[in-house]
Each structure stands twice: as C-alpha cells, then as structure tokens.
Number of protein chains: 4
Amino acid sequence: MSSQKSTAAPDAAPNATGRTPKRARGRQRVAALLDAATVVFAEKGYDAATMTEIAARSSTAIGSLYRFFPSKEALAEGLLHRYGERAGAGLDAIAAHASAMTAAQMADALLDLMMALKSERTALKVLMDARVDGANRRQYLRGVIRGRMAGVLSAHAPGLSAERADLLSVMVLHLMKTIPELAEEAEAAALFQEMRLVLSAYLAAAVAGG
Amino acid sequence: MSSQKSTAAPDAAPNATGRTPKRARGRQRVAALLDAATVVFAEKGYDAATMTEIAARSSTAIGSLYRFFPSKEALAEGLLHRYGERAGAGLDAIAAHASAMTAAQMADALLDLMMALKSERTALKVLMDARVDGANRRQYLRGVIRGRMAGVLSAHAPGLSAERADLLSVMVLHLMKTIPELAEEAEAAALFQEMRLVLSAYLAAAVAGG
Amino acid sequence: MSSQKSTAAPDAAPNATGRTPKRARGRQRVAALLDAATVVFAEKGYDAATMTEIAARSSTAIGSLYRFFPSKEALAEGLLHRYGERAGAGLDAIAAHASAMTAAQMADALLDLMMALKSERTALKVLMDARVDGANRRQYLRGVIRGRMAGVLSAHAPGLSAERADLLSVMVLHLMKTIPELAEEAEAAALFQEMRLVLSAYLAAAVAGG
Amino acid sequence: MSSQKSTAAPDAAPNATGRTPKRARGRQRVAALLDAATVVFAEKGYDAATMTEIAARSSTAIGSLYRFFPSKEALAEGLLHRYGERAGAGLDAIAAHASAMTAAQMADALLDLMMALKSERTALKVLMDARVDGANRRQYLRGVIRGRMAGVLSAHAPGLSAERADLLSVMVLHLMKTIPELAEEAEAAALFQEMRLVLSAYLAAAVAGG
DNA sequence: TATGAATGAGACTTCATTCAT
DNA sequence: CATGAATGAAGTCTCATTCAT
C-alpha cells in the first residue's frame, strides 16, 4: 500500500517542458486533492471526513481519487508526507540562522513557522490524533521532523549534547504541535503571546543547563 | 455473554447488607460503562469508538448501555462530567497548599495530579477534540476546571491579577492536556521530566512578571 | 397465546360486593390499559405505539401490562374484543327499532352509532389495517359484527334474502368503517352529511332491489 | 446476491442498441424498486416494511436503494408521485368521455380505473394512512387527484356548482380508496358489484340534487 | 485512463419481552 | 403478584471501496 504511492505520486524531478504534459497533470491533481483533504479533514476530523466530499471539493471523480490514493489511509499519508517536506524546509531555513539567535528570537521564529503552516497544521493534528492502525506511518513523519528540529537546536546551542538536543526537539515540537488548539480559545491572541513566553523560558532554561 | 457478567464484575456488592441491590447495581454499571468508555475512546477516538465495543468491554448488553446513556453523545458527556468532578477535587486539594509551594513544587503537584488521572485524561482529550455538536457541554467543563486552576494559581502567587491568573491557568491547562501525548513517544519518562522543566520555568517566569 | 387471555381478563359476572375486591381491581387495570392503548394506537399507529408508553399512560408497570396481555398482539386483540362487544350492543339496539325506520333514518342511526364509538373507531382502523399475522383474529371480529348488522338490515327490510342481507351488511360496515378518515379532511362536517346521502341512497336502492 | 441480479432482472436492455446503458439502467432500477416497494408496503404496512426487504425483492443492494431514495420517507414519496401521475392520466381519460356517460357508466369507468391501479392502490392507502411527518407531500397528491376528479364530475354533470363538484369528488375518491379493502373479504367479487351500486346510486342522487 | 454507479459491512439506536427482586 | 432493569434481535442509514463502461 505504501509502495504504491511512489508510483502514483512520484517525486520525480521537475520536468523540463514548461507546458503541462501528462505527468504534470497528475501532479496538479494530487495537489488539489491534498488541498481539499486538508480542508475537509480539518473541518470534520478524520473519521467524519468522507472520500466523496474530498473528491468533490477538488472537482475530482471519486474513482480518480482512488487512483492516486488507494485508500483513505494512503491519502492521510500523502498529507503527512507533504507536510513533512514543507515543515522540514522551514526548519532548515531557521537552522541556517539559528546560531545568531537569542532564545526569544528562536521562539519567535518557530512560532512564525507555525503560523505559516497553520491551515495544514490543523489537519495534521487531526490525522496524528486519529487512532488508526497506521501509527507506524506517523512515526516516519516524527523522525523526519525531529531530526530537522534537532539540527535547529544544535545550531542554536552548540553546547548541547546530541541526546539533549534530541529530547529538547521532541518537547519543542510537542509544544508547537498544540498551538492550533489555542487558536480555538477565546483569548487566542493573548495565548499566542503566552506561548512565546513558554517557549523562550523553556529554551533559555534548557540551554542554561536546566 | 450474560453468563460472563458474574465473572466480569467481581466488584459486585461490596457491602454485606442486602440493601442497595437495585440502586447499587445501577451505579456499578454506570461506573463500569464509563471505565470501558474511557478505554475505548482513548484507544480509538470518538468516532471510531463503537457503542457495541464499549458495551462488550463492560460486559453490558447494548440495550443496557442505552438505558443509562441514551446516545453516544450522552456517554461522552457522562465521561466529561465524571472527569470534571475528579479533576476539580484534585485541583482544590492542590490549592489548599499552593501558597507554600515553589514553582518547581507546583509543577510537580500538577504533574502528579495529571498522572493520577492519566487514563481518563487521554479519553478526555479525544472527547474535547471531537468535532461534535454538543460543544456547549464541553464549554461547561472548561469553565469549571479553568476556575479551579485559576484558584490554584492565585493561591500560589497572590500577586497575580485576576486577568493574568486566568490566562496563566488556560495555558497551564493547555500544557497539561497535552501530556498524555508525550506518553506515546519512546522517551516518555524523560519527556515527563522535561515537562517539569517547561512548567516550572514558565511559572517562575510568569510569576516574576515575564 | 389467545387462550391465556380468558384467564387474564375473565368476563366473569359482576361481583356482588360494592367494594373493589381482588377481581375488580384487575378489571379496572384492564380497562385502563385498553383505554390507554386506544389512545396510543390511534395517535401513533400499531407499529409506532410502544408497550412502554401504553403502560405509562395508564400508570401501569410494564410487567403488569404483560401479565394481563402477554404480547402486543394480545393487547390489540383485547381492544378488538371490547370494541366488538360495544358495537354489537349498539347494533342490537338499532335492530330493535329497525322495522319502523326509513332508509334515511337508518343511515342516521348508523352514523350516530359511529360517532358514539368514534375514539375507539380510529384505534380499530389502525389495528385492522396493521398487516400483522393475526389476521385470523380480525376475522373473528368481522364475524361478530357482521351477524349483528345483518340482523339490523333484516329487521329493517324483511324482504331481503339472508344472502342479500349478508352482502349488504358487509358493504354498510365497510362504508361505516371509513368514516373516521373523513374526519381528517378539511370539509369533515360536509363530508359527514355527504355520507348520509351515500348510505341512504344505497340502502334505498338496495332495498328496492337494485 | 449480485450474481442473482442478471437472473432476477430479465427486463434489462429491451433495445438492441448499446445506447442508454447507464441512464436506462438507473430508470429500470427505480422502476423495480418502486414495484418492490409497492408490494412490500402493501403486504406489511409502512412501518413494518423494511428497506432491506424492499431492496432484496428488487435484487438491489441496500446501498443502491439509498442512492435513489435517500430515506424510507423519500421512497414513499416516490411511490406517491408515480401513482399521482398514473391515476391523474386515468382520470383525464375518463373526463374526456364523461359528458356522454350515465351514472352507472361513470361508476363502471371509475371502478375499472381502480382495478387497473389495484396493486398500487393498496400500497397507496397504506402510505396515506401512515402517521409519518411528511404529511405535506401527501397533501400535494390529494390536491392533484382531487382536482382531476372534480374535472371528471364537472364534465359528467355540468350543472354542478364548483363547490358541489369538489365535495362530490372528495367523497367519490374516498369511496374508491376503500375498494382494495373489499378485496380482502371472502365475497370480493360480489362486493365489487355492490360498490357499483353504491357509486351509481350516490352519483345519481347527487346529480339529481339530493 | 477517467468516471461514478453499485456494493455491503457495520454503526447507532429502539423496543418487545423476560425474570430476578 | 408487582415491578422495572436487563436483554439482544432487528431496523435505518452511511461510506470506503470496486469495477464495468
């Protein structure tokens, strides 16, 4: 099932022709499907989201949806995969400047990234929370992101042991993961600022050797 | 299935009196149902959890489950209610000693409470996240707990404004809410200690006026 | 099943004591149950009516309801039986004066009887229409009433052959049976008068040898 | 079950052309479903009829039944609609010759129509009697048929006032509606002739100004 | 290859009926 | 005998997935 994906949504190199040859059409479809899935999963939750609605929202026939993603689980996987790439890229970008940042600046940078991925983040949360059997697949995403985040933190605080950086990265990711939930509270804006405090206090304490 | 019940409900008739037969049995049933619901909701999530499985896990006939909780939503509500009472009592107990605690001790106390309610906490998170219509009932729980937590924090740091205490309590609750997720990671124990650091650093910074 | 009824609801002679000894209490219960059943069947239809509601409306425990009527079908039977007795008595009363009536007067008398039994009539219709297996039991009621009606018609028009009187009685009963439905139309009152016309025209034509 | 279908649906593809495959199949399905529903509703009544049985009788998967009729109520509505069209057409055909008919001929014509729609009529009665909420839809059917019948009567007896024609049509429809019940009696054939007498006597009396 | 009608397992819920108290 | 909690078969409806066209 997971092996089929590489066939259906190949990460092939960007094509040379500027037009939309066969291959590119598929890429667009996949993107549209993932966008629709993001919206529907976020709105309804994993179980309540229906393949039919996701297909409809992206103007795709249900049969075509199943051609690209052979199951609902595979679709979720696809979403996770795309998110992993985007978030990874964002973290790499932060890592590039991490050494020159204060704890507060680091907190800001991470929160900014969080906001940039906001819409996807909600869908992600839904998928990660869904107690599906595909827990293993989630492990993959975790691994990818976690490594990137550890890179960020090591760059930021070169003194950290590899072990410590790993643990820190898990906790920071955990904290970031919960941010969209804060947006649902009445005091969303204030809580967002408050999370800045949480993060910077934690990072400062941890780097100091807490 | 019905014959299994006498085996599966060894906690029957704790007292020797012939009294409270009907009533007590009902109470036990409800408790068993809520326990089973806690487990199943936590394992599967709200949508994927089935009334049939919850009934089976508590050795209850499906019809009996519906006698006590006339809908899945009502069952969720029952769980929320029970959790509210337990968590509220725990917070009140902490509040009684809050003034004499350091930030680190407060973090410990809160985490201890969290551990005591661990199994229920996971189910709770699932229910609070579920995109059900009965959002009002959840709002009620939120209000109750939040007020209790604000009491704890005010007792701990009398200098806080009511507003600030409110905001802090929301954030602390938010952080605590996410703890069960950490338990799913490989480094659960270490992360738990890490959360101690997060909480105490945040509390110390916040009380200091960060 | 049907044999149990004679035990549960005996048509025993009116008791001598003026009080309410054991036997009479049962009689009251049965009457209350049948009254409640009449209302609920009429309101909801046979299938949608629930034994629980019928018990509740007559302030009877569900277990007691089942003591008197061992099944829903038996309860329906009980209602049919009571209706048969009441309608039969009414028809006998009409028969006593039938020889002195014109066709129009006969139509009036029958319609008056119909109105007197109105509330029960609606419940009856529901039960007769219900496509339950107990079709045989309905046959019984039909037989009883039909014989009475044939008596009325023979008294009214002595010239009719027994065969003809039988056929006429079936048709007249059929027409009367449908009256409650007219009450649901907007023009109920006018239709009721119209039914007078139908009946008297038919009786006159039939007696005349149509 | 799916393999049985080719056996159970011998009316498939009446034309030789490869054309109208999808569309025509849908229409056939709907017709088969309505036919099955007619039978089952007539046999069991509205409540006791199960969607599962209706699907089975038309060799349709339950899911397909729900694709065409998204609820039991919708299915009933579909039946009502189809009946309305057929009965309306029949009444219009009678109206075309009504002016040249005697009361007895009119009675015959109406009874003939009734016989032609016999099987549907029984189901109709069940649906119209059913205590469902969708009463509005039934009102619509009533209106349509009633207007057609008033047209028939006006054509038959031009002297009738519009009001009177309306009232007459309601009563005539009422009488016709009850015919299927007569078919359940032992003397069905004789009763059918008797209904001829009822109708013609009534029409004659009414036209005469009774 | 794209399409969407068809499929049927399975979810929630109701209610007639039983039986321990 | 009365009571009403307990039971579980059965009904309506949804939706992931397949496959003929």
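Quick note on labels: first sequence line is chain A, next is B, and so on, each numbered from 1.
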Practice problem: To the nearest Å, give me how far apart CD (A/E53) and C1' (E/dG4) are. | Solution: 17 Å
Self-check item: Partner nucleotide of E/dG10 by Watson-Crick or wobble geometry (both distances under 3.5 Å)
Solution: F/dC13
Quiz item: Under 4.0 Å: is that the gap between some side-chain N or O of B/R27 and OP1 or OP2 of F/dA5?
Solution: no
Quiz item: Is A/A49 touching bases, backbone alone, or none of the nucleic acid, heavy atoms closer than 4.0 Å?
Solution: sugar-phosphate
Exercise. Answer yes or no: is there an ion pair linking D/R57 with D/D35, defined by an N-O contact shorter than 4.0 Å?
Key: no
Quiz prompt | For atom CG of A/L65 and atom P of E/dT3, their distance in whole Å | solution = 11 Å
Quiz item: Roughly how many Å is it from CD in A/E73 to C1' in F/dT17, rounded to a whole number?
Solution: 15 Å
Practice problem: Map D/I62 and B/Y66 onto DNA chain E by nearest heavy atom, then report which one ends up closer to the 5' terminus. | Solution: D/I62
Self-check item: Proximal nucleotide (of F/dA16, F/dT3, F/dT12) relative to the A/M51 side chain
Solution: F/dA16
Quiz item: Tell me: CG of C/L33 to C1' of F/dA2, nearest whole Å?
Solution: 13 Å
Practice problem: Would you kindly compare D/T52 and C/T60 by the position of their nearest DNA chain F nucleotide and give the one closer to the 5′ end? | Solution: C/T60
Quiz item: Should the pair B/K72 and B/Y46 be classed as cation-pi, given the thresholds of under 6.0 Å to the six-membered ring centre and 45° from the axis?
Solution: yes
Quiz item: F/dA16 P sits how many Å from B/D47 CG, rounded?
Solution: 11 Å
Quiz prompt | Audit row: D/L34, D/F69, side-chain contact (heavy atoms from CB on, under 4.5 Å) steps and yes/no | solution = CA-CA 10 Å; D/L34 290 177; D/F69 302 100; 3.8 Å; yes
Practice problem: Taking only Lys NZ, Arg NE, NH1 and NH2, and the carboxylate oxygens of Asp or Glu, determine whether D/R82 and D/E77 approach each other closer than 4.0 Å. | Solution: no
Practice problem: Select from B/G63 and D/F68 the residue whose nearest nucleotide in DNA chain E is closer to the 5' end of that strand. | Solution: D/F68
Practice problem: Just do the side chain to side chain donor-acceptor pair (under 3.5 Å) check on B/T50 and B/T52 with the steps written out, would you? | Solution: CA-CA 5 Å; B/T50 75; B/T52 300; 4.7 Å; no
Quiz item: Paired with E/dA20 by Watson-Crick or G-U wobble geometry, both distances under 3.5 Å: which nucleotide is it?
Solution: F/dT3
Self-check item: Sugar-phosphate only, base, or nothing, as touched by B/F69 at under 4.0 Å among non-hydrogen atoms
Solution: nothing
Quiz item: Do any side-chain nitrogens or oxygens of C/S64 fall under 4.0 Å of OP1 or OP2 in F/dA2?
Solution: no
Practice problem: Would you indicate, yes or no, if F/dA2 has its OP1 or OP2 atom less than 4.0 angstrom from a side-chain nitrogen or oxygen of C/R67? | Solution: yes
Quiz item: Which of the following nucleotides, E/dT7, F/dT7, E/dT3, is nearest to the side chain of D/R29?
Solution: E/dT7
Practice problem: May I have the distance from B/Q28 (atom CD) to F/dA5 (atom C1'), rounded to whole angstrom? | Solution: 14 Å
Self-check item: Closest-nucleotide 5' rank along DNA chain F - winner of A/K72 and D/T50
Solution: D/T50
